[in-house]
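Working notes, structure below.
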Amino acid sequence: MRNKSSCWTQLTNLCAKNEERRVRANDREYNEKFQYASNCIMTSKYNIITFLPVNLFEQFQEVANTYFLFLLILQLIPQISSLSWFTTIVPLVLVLSITAVKDATDDYFRHKSDNQVNNRQSQVLIGGILQKEKWMNVRVGDIIKLENNQFVAADLLLLSSSEPHGLCYIETAELDGETNMKVRQSLSVTSELGDPNNLARFDGEVVCEPPNNKLDRFCGTLYWKDCKYPLSNQNMLLRGCVLRNTESCYGLVIFAGPDTKLMQNSGRTKFKRTSIDRLMNTLVLWIFGFLVCMGVILAIGNAVWEKEVGALFQSFLPWDPTVDNFLFSAFLSFWSYVIILNTVVPISLYVSVEVIRLGHSYFINWDRRMFCSRSNTAAEARTTTLNEELGQVEYIFSDKTGTLTQNIMIFNKCSINSHAYGEEQHMAVISIRVQPLGFSAWNPLADRDFCFYDQSLLEAVMVGEPAVHEFFRVLSLCHTVMSEEKSEGELLYKAQSPDEGALVTAARNFGFVFRSRTPGTVTTQELGKAVTYTLLAILDFNNIRKRMSVIVRNPEGRIRLYCKGADIVLFERLHSCSHELMNITSDHLNEYAGDGLRTLAVAYRDLSEEQWEEWSERFRGADKATDCRDDRLAAAYEEIEQDMMLLGATAIEDKLQEGVPETIAILSLANIKIWVLTGDKQETAVNIGYSCKMLTDDMTEIFIVNGHTVQSVREELRYNADVSEAQGWGGAPPPSVLESISEEFALIISGHSLAHALEADMEREFLETACACRAVICCRVTPLQKALVVELVKQHKKAVTLAIGDGANDVSMIKTAHIGVGISGQEGIQAVLASDYSFSQFRFLQRLLLVHGRWSYLRMCRFLCYFFYKNFAFTMVHFWFGFFCGFSAQTVYDQYFITLYNIVYTSLPVLAMGIFDQDVPEQRSLEYPKLYEPGQLNLLFNKREFFICIAQGIYTSVVLFFIPYGVLSHATQSNGVPLADYQTFAVTTATALVIVVSVQIALDTGYWTAINHFFIWGSLGTYFTILFAMHSSILFNIFPKQFHFLGDAYNTLGQPVVWLTIALATVICIAPVLAFRFLKLDLKPQLSDTVRYTQLVLQKKRKPGGRAGRGVGGSRRSGYAFAHQEGFGELITSGKNMRLSSLALATFASRHSGSWIDTLRRKKHANSTGAQNTPPTGEDSAASSQAPPLSTSSSAAGEAEQPCNEPILPHSPDDIALCVIRCPERDVGECSTATVQVNIRLKTSSSTNCKSTCTNIGCYTTLDRVLRSTRKRILWTNKKRKENSPQGENGRKQNY
């Protein structure tokens, strides 16, 4: 036994040293020696014991909490405390309690989720008997039985399956967000161990790699019966997968709990803090420094006063016994003033911030426009601490599959023998009367969900055109799809990817039905006739070949090779007689790719028996080779795939989620940069980029970085940077390359190149190149690489980042970004559980950012500006009073007013503003994306705005102190008694303060509700009620020692001079603010000011505009997209009935997004009475019949009577303003939207005919964006002007 233990110890050390993992089946005692992790997972932060100390430690990391704790300790010292200790401890305990309850609630739900997962049941083989065990009790080395539709409990080595040849089918939505099934296969030596008795005797040992986060690879070896067998990822079932279409299987636990690849990719939960939080921490330190300075000034004043003046009063006003000299008195006075002046940052600030954030979170949860009725899913704010940061996002990092797309493929168009089919489908988008073809009448095996609109293709099939038949024969044979016939005529295709399923389904509906397959045959039904082909070989797909082929023998004995793949690859291998057809097909492919469809070419080659025999011999030799097998197979494939005859091409639409192009367009107008980080291959991602309108023809160049070495990646990045600088500037670039050329270029980089680009010596170079591009697409990236890209931007760009995804492979990215958003759909819940916000559709992102995010940022900034203002106005009065009270640390107000000022008198109005305030309605926030930019630039609350607020607060405190002081020092009552007493001054100053700050918040409130009215005026009423109550005889009789000044409020506020003083102080405080705001609004209005005024004008007279039609923009073709995995052909031909596969191309045919320009254009058109000519356009042809051109046009009192030229823009040349031009004969102030014309002035000479202009409407967008979308309209308008000009062709040139 001792020797055995010694061996185990040595083995443990050896494994640790070599970084290997050893797992022995059915031997827990052996495996426990290595102390592998259990299968219990824990994502929570606290438990019952650690909650209180850990949570308090985290909370006191907040500078403000530590600051208030320090003040509380000072207040407990009687010699220096001028205020009662409860004024600080009560708010502090309240804040800590509220935060602790919130943290405890969040962690409770984490515990609940963990317990739900850990308590799932699984069947574990123990002692030869299957026993039910909780997941958390599963151990490494256990053998588990899985049944259909069960989640995989841990990372398992597949041992056997109920399916033939040890196959099983899994869904990996929790890992990569893909709902299509994948195939896994056990080793042949273990596939027969299907009986529990045989498995109980299995004692094989696995030596494999240590735990890691690489989802697509596994390296290990099985040692059993003196033999060793290599293991790969095809033999593994990973935690988070779901067993599908497999009755049962058995697996050996290799990795458990936190060691599983799912948990390794989850990343650490990071405490996220907003930029405003970080700024507030800095400001609190500054304020504390300012407080110390004020304390030092007042302490010096105390020392001077005590030495020069106080010594004269020692006989009747002696120092306290503990004070023996003026210096020590000054020292105590310093700390007393620190306590008195601490209200410059009251602790109620943090309570208010949390309440406001909670309210904003509820608004997100309650938003019905972010509710998906199809999935019955509402938006959810899973955190309450990041709402205002939603209004500051600059970079969005998005997954593709399941996030931008629905992962649903539709056979859309095709080209066969130079004829294009499917054009009428576009007509169906416009006219709902066009019905899809009916297949079921003549084809009982047709899929009822399949839709196609071109009758001519069906007619070509029916009349028996050979090329059409051969085209669909290729689609029915050249694939790796598995077919399952549940009942007679009810076929269910199981494809590895939905795009290949779409091609096989298309062939099925057009009469070429794939029925079944065996390792050596493929059975189809061609136009009702059953045909069985002998499957001779499958030439498998990989990313280098970009094609797949099958070689079959038909019943007549003829051998033919069928191939489908990327056109750029297939066209190089065609016979010379196909060149004419290739040119026509290439034109069709360009058209399809221009519509955002995923294109694929189809070809065939006839083989003689001699050619087949000769090639098959070389193929078998390459297949059995032990060295360089892949290279030899590739050479064999290359040899046979030559001199093919082209049949045509397919076009598949990868169905985007609803509203994705519009969302991306609007977010781009808001200056938000979107990067797509996807695990898909390059061609697929590029096609989706075109479909989403991230990539367009208008781009100067699309850079592709695909190097495999550090040097090649560096050279490509530098070349791209040089090209962008040269084409963007034609010389030396300006300092800010990003801002200047980000609209012209796109960058596409592969995962292996990204691995080199993220190295320390190259990451800055990659980042600068990427940020100089308008769109960035990273393909074939791992979950860790996604997180690294996000972290790179966070560190170096100092910008707010948002990551959005739907699968477990997005969890690291979601946790790394400042804000994580999970798509809650059919692709699992891992991303949602790790996210800060979740909803079911990508299109809801624009509302989350442009409405809720912008409002949250606006409200929080206004709240903070007002809060600091009112507290400086309140506190600085003590500072001025110190110079008139002998620096004795006497307070101006009584302690009850000091306690209630931030809790009662001014708390509710500022909360109402922070929760409900708006600058513009939600519709305008979406119509004017430029309104989002102030948050990105951090304009509404920064250090400059902070100093302006405290300057205003200090000014207010000066007025509130010196105006009452100057008036009351010489004022008398009606009976001649002087008013200059301490309590009268205190009541007057306090009343003026409450009124001034109430009027100020009324001015700051941009959106009035009943709640705002109730809180503002109710707080004023509450102040007077409490004031009179505290000076009443009732409280004096009950607490005579606490309320000394009986009736003082009645006496003070009963004097007219007091009210005159309060009114004078209010006017002096508010008048400069009003004057400044009126001047700013008139001389330098912000976009939000202009939008508000526009709304007021348009609300008076609004008519519905015409509805724009739908158009499809052109885009470059990326060539090809084939979402297929290598290895399935080998499985089929080896006699192992696999069920899946894929092949694809992506698409898009969506309507134009309605921008703010289109909105105003429609409104202008509705108000115009003259008939408008519509210019021909490219992209906007569908809308041209309903919307007038962007050029000048006539109104009712317009050009026909008095010509008006274009107005002078009140804004910079980089923006476009929509200006309302008043016709000359109308009087000033009579501008009406019914008699205006809307123009866009680009580069025209100034007008001399217009007598005056009215720039009531000023809306912005980026100049080059409008130029691209309206260039054809502008050219047409320019031409018409020249034709209509009295000067003819020699007239004034219009330079657009």
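None of the values given here were measured: they were computed from a predicted structure.
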*Say whether T260 and D155, considering side chains only, have a donor N or O and an acceptor N or O under 3.5 Å apart.*
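Not at all, the side chains of T260 and D155 share no donor-acceptor pair under 3.5 Å.
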Side-chain donor/acceptor of [X] to backbone N/O of [Y], under 3.5 Å:
X    : Y    : answer
E389 : L386 : no
S248 : L146 : no
D836 : T383 : no
S835 : G820 : no
N235 : Q185 : yes
H111 : Y46  : yes
R239 : A153 : yes
R28  : A25  : no
D107 : D103 : no
R110 : K45  : no

Using a 4.5 Å cut-off on heavy atoms from C-beta on, say whether the side chain of [Y] contacts that of [X].
X    : Y    : value
I41  : N118 : yes
C779 : I748 : yes
T801 : E394 : no
Y250 : F202 : no
E768 : H796 : no
E171 : C241 : no
I144 : V152 : no
D761 : R714 : yes

Interatomic spacing from [atom1] in [X] to [atom2] in [Y] - rounded to 0.5 Å:
X    : Y    : atom1 : atom2 : value
E763 : H756 : CD    : NE2   : 15.0 Å
C778 : K400 : SG    : NZ    : 14.5 Å
S161 : R184 : OG    : CZ    : 13.0 Å
D142 : N39  : CG    : CG    : 9.5 Å
N26  : L252 : CG    : CG    : 8.0 Å
D114 : S44  : CG    : OG    : 5.0 Å

_Note: K261-E209 ion pair, threshold 4.0 Å (strictly below)_ =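 So K261 pairs with E209 through a salt bridge.
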*asked:* For R21, is there an ion pair with D259 - N to carboxylate O distance below 4.0 angstrom?
replied: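 Yes.
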*asked:* So for atom CD, which belongs to Q35, do other residues, nucleotides or ligands contribute more than 12 heavy atoms lying within a distance under 6.0 Å?
replied: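 No, the 6.0 Å shell around CD holds no more than 12 heavy atoms from other groups.
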*asked:* For E205, run the side chain to side chain donor-acceptor pair (under 3.5 Å) check against Y223, Y30, W224 and tell me which one passes.
replied: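 So the option named by the test is Y30.
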*Which is it for I814 and V821 under the side chain to side chain contact (heavy atoms under 4.5 Å, CB included) test, yes or no, and what are the steps along the way?*
CA-CA 7 Å; I814 286 173; V821 178; over 6 Å; no
*May I ask you to decide if the ring planes of F34 and Y36 are parallel, tilted or perpendicular, using 30° and 60° as cut-offs?*
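If you compare the ring of F34 with that of Y36, the planes turn out parallel.
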*Kindly indicate, with the supporting measurements, whether the criterion side chain to side chain contact (heavy atoms under 4.5 Å, CB included) is fulfilled by L802 and L849.*
CA-CA 10 Å; L802 181 147; L849 299 183; 3.8 Å; yes
_Here's one to test your reading of the geometry: is the NZ or CZ of K673 within 45 degrees of the ring axis of Y395 and under 6.0 Å from its centre?_
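Yes, a cation-pi geometry holds between K673 and Y395.
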*For C249 and L237, what are the C-alpha separation, side-chain angles and deciding distance, and is it a side chain to side chain contact (heavy atoms under 4.5 Å, CB included)?*
CA-CA 10 Å; C249 69; L237 305 179; 4.0 Å; yes
_Working note: F255 + M263, criterion side chain to side chain contact (heavy atoms under 4.5 Å, CB included); need CA distance, chi angles, decisive distance, verdict._
CA-CA 10 Å; F255 302 115; M263 299 305 296; over 6 Å; no
